[in-house]
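Written below as C-alpha cells is the structure these notes are about.
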Amino acid sequence: MKKIGLIVNPIAGMGGKVGLKGTDGPTILAKARSLGAEQVSQERTIKALERLIFLKEEFELITYPGEMGENIAKQCGFNPKVIGSIIKGKTTAGDTQQASKELCNLKIDFLLFSGGDGTARDIYEAIGDEVVVLGIPTGVKMHSAVYAHNPMRAGDLVALFLQGKVKELRKAEVMDIDEEAFRAGTISAKLYGYLKIPFEKKYTQGLKTGSSATEKYSQEAIAQEIVDNMDDDYLYIIGPGTTTKSIMEKLELDYTLLGIDLIYRKKLIELDLNEKKLLKHIKEKNAKIVITPIGGQGFLFGRGNQQLSPHVIRSVGKHNIIVVATKHKINSLNGRSFLIDTGDNELDLLLRGYTPVITGFREKIIYKIDL
Amino acid sequence: MNKQTRTRNFHQAKWDEPVIYELSNEGERGILFPEIEQEIENIIGDGLSKLPESMIRQKPPNLPEISQMRVLKHYLRLSQQTLGADFNVDIGQGTCTMKYSPKINEKLASSHKLIALHPAQDEDTVQGILEIIHKLDLFLREISGLDKFTFQPGGGSQAILAMASIIYAYHDSKDESKQRDEIITTMFSHPSDAAAPNVKGYKIINIYPNEDGLPDVKALEKAVSNHTAGLLIANPEDTGIFNPKIKEFTRIVHEAGGVCGYDQANANGILGITRAKEADFDFCFFNLHKTFSSPHGCGGPATGALGVTDKFIKYLPVPLVEFDEEKYYFNYNVSNTIGKIRSFYGVVPAILKAYSWIMSLGSVGLKEVSQIAVLNNNYLLKKILEIRGASAPYAKGRHRIEQVRYSWEELYNETGVTTEDVTCRMADFGFHMWSSHHPFIVPQPFTLEPTESYSKAEIDEYIAGLKRVVEESYENPELVKSAPHRSVVHKIETDALDDPARWAITWRAYLKKTQK
C-alpha cells in the first residue's frame, strides 16, 4: 500500500488579503492576525483531499497533528496516521521542516503539502528532493513551480499517482523572495533549488506541449545548437537552470544547477562563480552569457542569478547575451513578456525590447523583454 | 435524435477487425488465374522468360494472402469504424476546410477518359488533360494575381518545401545562399512553414503573436538581417484573424533582401476578396484538397498548387504545361529549375476535380463561397461565445474570417475538463472536435471551421453537442473525463507518439520493432 504524507501550513496565505506580502516569522503573523486575517489553507486543502476520497482504501495517509493536517484529513473522512507534536495555534517553519523529515523517515511515496514559497523552501531545506512532492497552492508568494494549477488539480494528480498513471517526474524550481525587502518595495528573489514533482501535463501546466521526454529532447537540441556554434575566442558564462545546464551535460562537464559556471573552448574553467570572480575573468577575455528565463514567471535577470550583476552584464555587452528556452517554457508564460530587474534601471531600459531565443536545433523565436 | 438535447443517440460500429496482415493464410487467393493456353504460349512464351532479368523480382512481395470476400469484409468493416467527412457535421477540424466535395467530380475523375491515360503518353495524345491543367493554372493566376502555377507538389508541405527550394536557388544565383540561411515564420502559421524549410537546411525564426493575436511587426523587424532568406506566413492565421499589416511584413522582408511566400493552403475565406499579388508576395500555394474541394484523401492524393511571380518562373519544377496558341506542351526548358519534385505532372485526378469545382461556380460563385464561409463562421463564433466556459482569445468583439481557435480554459479551470476530454465526449454523439497544432499556445484549444457547406441546422446541431458536453462537465465532470463511452477504442495514450519505440506506421516496421 502506498503512503502519502500530508503537511498543511496553517498560516500560509493569511497575509494575502490583508495586504501583507507573506507570513514568514512571528511578528508579521501577529500583525496579520491583528488585521483580521483568516486561515485559508484548511479550506483549500479540503478541496484537494475531496478528490482523493474515492481511493481512500488504497493508500495510507500520514500527517501531523491538529491544524497541520489531522483535522482536515478527518473532516474529509480519512483515518490518518498522525505523527509528531505541535503547539496548537503556534506552528512555525521549524514544524514544517520537522514534519518533512519525520515523514521522509517513514518512507512515504509522495508528500502533498499546502502552503506557499516559504513552505516549499522549508521542505526543500529539510529533505531536498528525496521524495516526490506536490504543492496545493495556498500561499501569498507563489513564485515556485511546485504547485498544481489549483487545489482540485492537486488532488487529481495525487490520485493519478496512486493509480500508477504518473509515469514521469520533473524538477521544478523552489523560489522565494525576501519578504522584508519586498515590503520595503524591492524584490530580491532567490532560486533555492529544485523539488521533484509528478509530470502530468494536464494538471501542472494548464498547457500542453508534449511529455517530459519531449522537453528533454528540446533541451538536448538547444544544447547541440549552442555547442555547435561556440566561438573559441569567447568565455561562456552558463547561468542556472536545467536548460542551460544541458549544455554542460552535452560537453560532459561538471556543473552547479543553481550556480554560474564558466567554460572556455568547451572546457570547464570554474564552477559556481560569484560576481567578483566573473568580473576578473571577463576583464581578460570576451565573454557570452547563456541564460534561460525562470519557468512560469519569465525573469531573465534579477531572479536566481544575481551574480550576473549590472556590472557583469555591461562588461559582457547586450549583444553577447544568449537566451535559451524550450517552447514549453515560453508557452507557459501565456504570452507575457520576459522580465528583467537587474537593479540598475538604466541597464534594464537598455535590455528592454526584443531578443532572439534559441528554442531548438537551428530554431529560434523572437520574444519581447519588458520591465 | 434526442429532441430535448438535440443530440444523437449515436454509437460507433465496432468490429474489432485485425490488421490485414494478421488475416493472411498461406496459399489463400482472391483471384485464381487461368492456365496459359498453348496457342498463346506458342506466340509470346510463358510470359516471364522474355522479361529482362533486371525487371523480375528475386522474391515475391510480402502481401497478405486472403480470399476476395474476406478482403471486402475487412475494408467495409474498417469503413464503418471511420467517422468520415460525409457522415458527420465535419466542422470540428478547423484549418482543414472540410467542405462538401460534389460526387459528380468523383465520377469525372474515375471516368475511363481519365483513368485510361498514361502519364508517359506523348503530349499530342493527351491534349485534353493538358488543356485542363493549363486552364486551372489560368484560374489560379486570376485568383492569386501571380503569374504561373505548377501542380507538381503532392500536398501543402511539399509546396512549402518547393518554396524553400526556390528561395535557396534564387539566393544561390546571387551567391548569397550561404549567408542567407534563415527563414522567418509565425507561431500561428502552419507548423510545416517551419518544418519544411528546416528540412531544406534553413534555420527557423518564429514570431510570436502580440496581445491582438497578430504576429508582432516589431519582432519581425528584430528578426530580419542579411541572414534572412525569406518569410513563409499564413494570413489569416489559424486564429482566423486577418493580419491587416501583411504588406508591412512583405516590405520589411523584401527590404532585408528576403523572398516572401504566402501559405494559402486554406484560402476559403478570401476568394475574390484579397490576393497574394496585392500583398506583394513572391509566391503562394493553394491546397486543392482544401479550398478547391478536390477533396482530402486522408493524407493523399493531394495537390499544393504553387504559384510565383514572373521573376521566379525560371526556378519552377519541370515540366511546366504551356500553350503556344495551337497546342499544349510540356516545357522542360526552364533555366534555373529546382528540378522534379514529384513524378510526372502532379496528382491529375485532384487537378481535374478542382477544375470542375471552379467551373461549376464561376468567379461570382467563388466569391460567394467565401462570403458564406465567413458568415457561417461568425454565426458559429457568436453561438460558441454564449456557451459557458468557452472563449475566443484575442481580437475581442471582432469578426473572424473562416475559422476560430477557441479556448476551454475557463471550463478547465472550473471543472477540470480538458479540451481532449471534450473531444472524447463529442465522439459519443458522432462529432469530431479538433484541438490545435502543437505546441498549444492558446490554453485548452479547439478550432472550428464551418466552411460554406453546412446548413444552419447542422451548425446548430454541432453547437447543441458542445452545449450538452459543457452542461455535463459542470454537472458530472467524471462522465466527460471518462469519455468516450460509445466509440471503437477508448482513450488513446498520446504520450506514446513521442516514443518511436512504441509506434509503427507500417506492418514491416511493427515486425522490426516487436520481433527482436
Side-chain angles (χ1 to χ4, degrees), chain A residues 47 51 54 148-157 159 165-168 199-203 205-218 225 228-229 326-338 353-369, chain B residues 181-187 194-195 197-199 201-213 215-225 393-394 409 412-421 435-436 438-445 477-478 481 493-500:
Chain A
K47 283 189 181 155
R51 308 293 274 226
F54 78 106
H149 190 86
N150 61 37
M152 282 99 75
R153 298 291 81 74
D156 291 344
L157 196 42
K165 288 182 184 164
V166 171
K167 296 193 181 73
E168 305 184 70
F199 186 96
E200 216 293 329
K201 52 209 174 192
K202 277 191 269 184
Y203 296 91
Q205 302 305 315
L207 281 169
K208 180 177 161 180
T209 49
S211 66
S212 67
T214 15
E215 185 74 354
K216 183 104 189 70
Y217 297 143
S218 306
E225 175 70 13
D228 281 1
N229 291 295
T326 59
K327 281 188 199 145
H328 175 84
K329 197 187 250 183
I330 300 280
N331 289 331
S332 73
L333 297 175
N334 271 327
R336 295 190 308 272
S337 307
F338 287 152
Y354 290 82
T355 183
V357 185
I358 293 172
T359 53
F361 184 64
R362 300 174 72 80
E363 199 181 294
K364 57 186 169 184
I365 60 153
I366 305 291
Y367 209 74
K368 198 173 178 183
I369 304 179
Chain B
D181 60 354
E182 293 177 347
I183 292 281
I184 302 168
T185 184
T186 68
M187 286 308 289
N198 199 248
V199 167
Y202 279 109
K203 296 181 188 171
I204 304 303
I205 304 182
N206 248 307
I207 305 290
Y208 258 67
N210 64 16
E211 51 276 16
D212 298 325
D216 194 329
V217 182
K218 284 191 190 132
L220 178 72
E221 280 168 352
K222 175 78 186 179
V224 294
S225 69
Y394 312 116
E409 189 179 20
Y412 167 71
N413 287 340
E414 290 173 355
T415 66
V417 168
T418 65
T419 191
E420 284 147 340
D421 298 331
S435 50
S436 147
H438 290 202
F440 285 180
I441 300 169
V442 166
Q444 304 300 337
E478 278 311 312
K481 285 203 241 177
E493 198 206 328
T494 50
D495 276 0
L497 298 175
D498 287 333
D499 183 2

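We name chains A, B, ... by the order of the sequence lines, and we start the count at 1 in each one.
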Between B:Lys203, B:Glu182, B:Glu221, the one whose heavy-atom pairs under 4.5 Å with chain A are most numerous: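 If we count pairs closer than 4.5 Å to chain A, B:Lys203 comes out on top.
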Which bit of B:Asn210 is near chain A, if near means a heavy-atom gap under 4.5 Å: side chain, backbone, both or neither?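 Contact with chain A: none, neither part.
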Go through the atoms of B:Thr186 and report whether side chain, backbone, both or neither lie under 4.5 Å from a heavy atom of chain A. neither
When you look at B:Lys481 and A:Asp156, which way does the salt bridge (charged side-chain N to carboxylate O under 4.0 Å, His left out) test go after all the steps? CA-CA 12 Å; B:Lys481 285 203 241 177; A:Asp156 291 344; 3.6 Å; yes
Suppose we call two aromatic rings close when their centres sit under 6.0 Å apart. Are A:Tyr367 and A:Tyr354 close by that rule?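 No: the rings miss the under 6.0 Å criterion.
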Ignoring hydrogens and angles, state whether a donor on the side chain of A:Asn229 or A:Glu225 is under 3.5 Å from an acceptor on the partner side chain.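 A:Asn229 vs A:Glu225: donor-acceptor pair found between side chains.
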Using distance alone, with no hydrogens and no angle criterion, decide if B:Tyr208 and A:Asn331 have a side-chain donor and acceptor under 3.5 Å apart. yes
